[in-house]
Undergrad: 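If you scroll down you'll find the structure; I have some questions about it.
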Amino acid sequence: MLDLETFSTSNNALIVSIGLVSFDMEGIIDKQLIIIDMEDSNCKHFDIDPMTVKWWFEQNKSAREHLFLQEMPLREGLRSVNEFIRGSQGVWGNSSTFDNVILRNAMNQLHITPSWSFRKDSCYRTIKSLCPDVFYEVVGTRHNPMNDAESQALHLIKVINKLGVIL
C-alpha cells in the first residue's frame, strides 16, 4: 500500500512525502516513510497548488510534523520506493487516479523505470467501496502517509477477508 502527500492534486503534483507498507493477509510486514526535500532542483518541474498548500496549513500540527523530517532528494526517494516495491504482488493506492499515477509520473519525468508493471497497480478506493460497513480504524495521525498507508492496508485486509477474495 502506498500513500502520497502532495502540494497539488494534479497528476504532476509535487510529492512531499511517501508512505509505504508491505502486508499480507495476516497483517503488516514492513513500512517506510520517505520525506522529499522540496528544495531539490528536481522538484521545480512539478505542480504546486496554492489551495492545497493552504489546506496543509489548516491541518493540525501533528499532521504537518512529518513534512520536514529526514528529507531526501526526489530522485533518491523514488529509488527507495522502487527498492521497497520490487518483487511485490501489487501496488495499492487510494484512487485509480491519484497515488499510483502521480508516483509513476514523477518516475517517468526523472527517467526512473518503476520496479513494477502497470498491471500491478490496484485501487484501494474501489475495493473499499464494495464493503462500506467494514470499520476503518485510523492508525497514528491522519495525513502522515505511513500512518495512512498502514490504516488503508489493515482496512483492505478486513475488506478482502469479508469478500472472501484471495490476493
Undergrad: Among residues two or more places apart or on two chains, list those pairs meeting ring pair (Phe, Tyr, Trp, His ring centres under 6.0 Å) that have a residue in residues 30-51.
TA: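 As it turns out, there is no ring pair (Phe, Tyr, Trp, His ring centres under 6.0 Å) pair with a partner in residues 30-51 once direct neighbours are skipped.
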
Undergrad: Between Arg79 and Glu76, is there a side-chain N and carboxylate O pair less than 4.0 Å apart?
TA: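 The answer is no: the pair does not qualify as a salt bridge.
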
Undergrad: Applying side chain to side chain donor-acceptor pair (under 3.5 Å), can you list everything that pairs with Gln109, at least two apart in sequence or on another chain?
TA: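 Listed in chain order: Asn12.
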
Undergrad: Determine which pairs satisfy ring pair (Phe, Tyr, Trp, His ring centres under 6.0 Å) with at least one residue from residues 72-91, sequence neighbours left out, and list them in order.
TA: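 Every candidate ring pair (Phe, Tyr, Trp, His ring centres under 6.0 Å) pair involving residues 72-91 fails, so no pair, neighbours aside, qualifies.
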
Undergrad: Can you list, pair by pair, the side-chain donor-acceptor contacts under 3.5 Å of residues 125-132, counting residues two or more places apart and other chains?
TA:
unit_1 : atom_1 : unit_2 : atom_2 : d
Arg125 : NH2    : Asn94  : O      : 3.1
Ser129 : OG     : Thr126 : O      : 2.6

Undergrad: Can you list every side chain to side chain donor-acceptor pair (under 3.5 Å) pair that touches residues 49-58, not counting sequence neighbours?
TA: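 Qualifying pairs: Asp49-Thr52, Lys54-Glu58.
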
Undergrad: Do the non-hydrogen side-chain atoms of Trp92 and Leu2 ever get within less than 4.5 Å of each other?
TA: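 No. Closest side-chain heavy atoms not under 4.5 Å.
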
Undergrad: Which pairs with one or both residues in residues 133-149 pass side chain to side chain donor-acceptor pair (under 3.5 Å), sequence neighbours excluded?
TA: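 Checked against side chain to side chain donor-acceptor pair (under 3.5 Å) - neighbours excluded - the pairs reaching residues 133-149 are Asp133-Lys162.
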
Undergrad: Would a single hydrophobic cluster contain both Ile34 and Val101, if residues Ile, Leu, Val, Met, Phe, Trp and Tyr are joined by side-chain heavy-atom contacts under 4.5 Å?
TA: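 No, separate clusters.
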
Undergrad: Do any side-chain atoms of residues 23-33 form donor-acceptor pairs under 3.5 angstrom with protein atoms, and if so which ones, sequence neighbours left out?
TA:
unit_1 : atom_1 : unit_2 : atom_2 : d
Asp24  : OD1    : Glu26  : N      : 2.8
Asp24  : OD1    : Gly27  : N      : 3.2
Lys31  : NZ     : Glu150 : OE1    : 2.9

Undergrad: Check the hydrophobic clustering (I, L, V, M, F, W, Y; side-chain heavy atoms under 4.5 Å; chains of links allowed) and say if Ile36 and Phe57 are grouped together.
TA: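 Yes, Ile36 and Phe57 fall within the same hydrophobic cluster.
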
Undergrad: Using a cut-off of 6.0 Å, state whether more than 12 heavy atoms not belonging to Gln89 lie near its atom CD.
TA: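 No, CD of Gln89 has 12 or fewer neighbouring heavy atoms, counting only those of other groups under 6.0 Å.
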
Undergrad: Using the ring pair (Phe, Tyr, Trp, His ring centres under 6.0 Å) rule, collect all pairs that involve residues 111-134, keeping only residues at least two apart or in two chains.
TA: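 Applying ring pair (Phe, Tyr, Trp, His ring centres under 6.0 Å) to every pair that reaches into residues 111-134, excluding sequence neighbours, yields Tyr124-His155.
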
Undergrad: List for me each residue that meets side chain to side chain donor-acceptor pair (under 3.5 Å) alongside Ser96, sequence neighbours excluded, and say none if there are none.
TA: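 Ser96: no side chain to side chain donor-acceptor pair (under 3.5 Å) contacts found.
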
Undergrad: Which residues pass the side chain to side chain donor-acceptor pair (under 3.5 Å) test with Ser80, not counting sequence neighbours?
TA: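 In terms of side chain to side chain donor-acceptor pair (under 3.5 Å), with neighbours along the sequence ignored, Ser80 is linked to no residue.
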
Undergrad: Any ion pair linking Arg104 and Asp121 (charged N to carboxylate O, less than 4.0 Å)?
TA: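 The answer is yes: the pair qualifies as a salt bridge.
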
Undergrad: Do Leu103 and Leu78 make a side-chain contact, defined as non-hydrogen atoms from C-beta onward lying under 4.5 Å apart?
TA: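 A side-chain contact under 4.5 Å exists here.
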
Undergrad: So, using side chain to side chain contact (heavy atoms under 4.5 Å, CB included) as the criterion, who are the partners of Ala13 when residues are at least two apart?
TA: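 For Ala13, the residues satisfying side chain to side chain contact (heavy atoms under 4.5 Å, CB included) (neighbours in sequence not counted) are Thr6, Ser8, Ser10, Ile102.
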
Undergrad: Using side chain to side chain donor-acceptor pair (under 3.5 Å) as the criterion, list what pairs up with Ser115, not counting sequence neighbours.
TA: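 Counting only residues at least two positions away or on another chain, Ser115 forms a side chain to side chain donor-acceptor pair (under 3.5 Å) with Asn82.
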
